[in-house]
Amino acid sequence: METDLTVKLEQIKKKCLNCQKCDLCKTRTNIVFSDGVPNNKLMLIGEAPGYWEDKKGIPFVGRAGQLLDKIFECVGFSRNKDVYICNTVKCRPPENRNPLPDEKEACREYLDEQIKILNPKIILLCGGVAVQSILGDVGGITKVRGKWFNGSEYGLENTKIMPIFHPAYLLRNDSREKGSPKWLMWQDIKEIKKEYDKL
Ligand code: URA
């Protein structure tokens, strides 16, 4: 049975399917709107679709996405039952470059609607682009990852926000030694699970 949430999200998705607000519409194969389960607990916002996401119309399905799934699985999360996943922009930037400010601006209303409809208790900002979009200039990802930000300071009442490393960055940094990006991600995902379990 369709829930109220899914009906509302479908309406936003329909708007995206016809969207021509920025030039990314000219090069996209598919809109990449979301994956996972619409729920009011855990939402992850990534940067932008890459090659495979654009081909399949699903976020985080390439190598980085597979690593993200493994990280979730380590603490018992699964995208099929616990997490709603989307990106700051819904269309792939050519050559996987970072989305431009006007592209993020054009797509922002869709992301804002997704957040408003779900009203999640926890938002994970995956990588620097997502952090900049939601929190503004709070510092680089290395400085802010693993920190909780109070959503009420960003217009999101009752939401806790945590920046985390992007899995693509972890793929480039293989070490698991204490203090390495992978080790830090492990600390962060454990902290996220701890907070999630209190909900
Ligand atoms: N990287 C992202 O930030 N989002 C995706 O959907 C895929 C890769």
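Just so you know, these numbers come straight off a predicted model, no measurement behind them. Every number for a ligand or one of its atoms is a count from 1 in the order of the listing.
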**Message:** Check R79 with D69, please: is the shortest side-chain N to carboxylate O separation under 4.0 Å?
**Reply:** yes
**Asked** Are E103 and R97 within salt-bridge range, i.e. N to O under 4.0 Å?
**Response** yes
**Asked** Which protein residues have a heavy atom closer than 4.0 Å to any atom of ligand 1, listed by chain and number?
**Response** G46, E47, A48, E53, P59, F60, N87, H166
**Message:** Can you tell whether the side chains of D82 and K41 come within less than 4.0 Å, N to carboxylate O?
**Reply:** no
**Item:** NZ/NE/NH1/NH2 to OD/OE distance under 4.0 Å, K193 and D197
**Value:** yes
**Request:** Indicate yes or no: at least one non-hydrogen side-chain atom of E195 is less than 4.5 angstrom from one of K160.
**Result:** yes
**Prompt:** Do Y196 and V75 have side chains that get closer than 4.5 Å, going by heavy atoms?
**Reply:** no
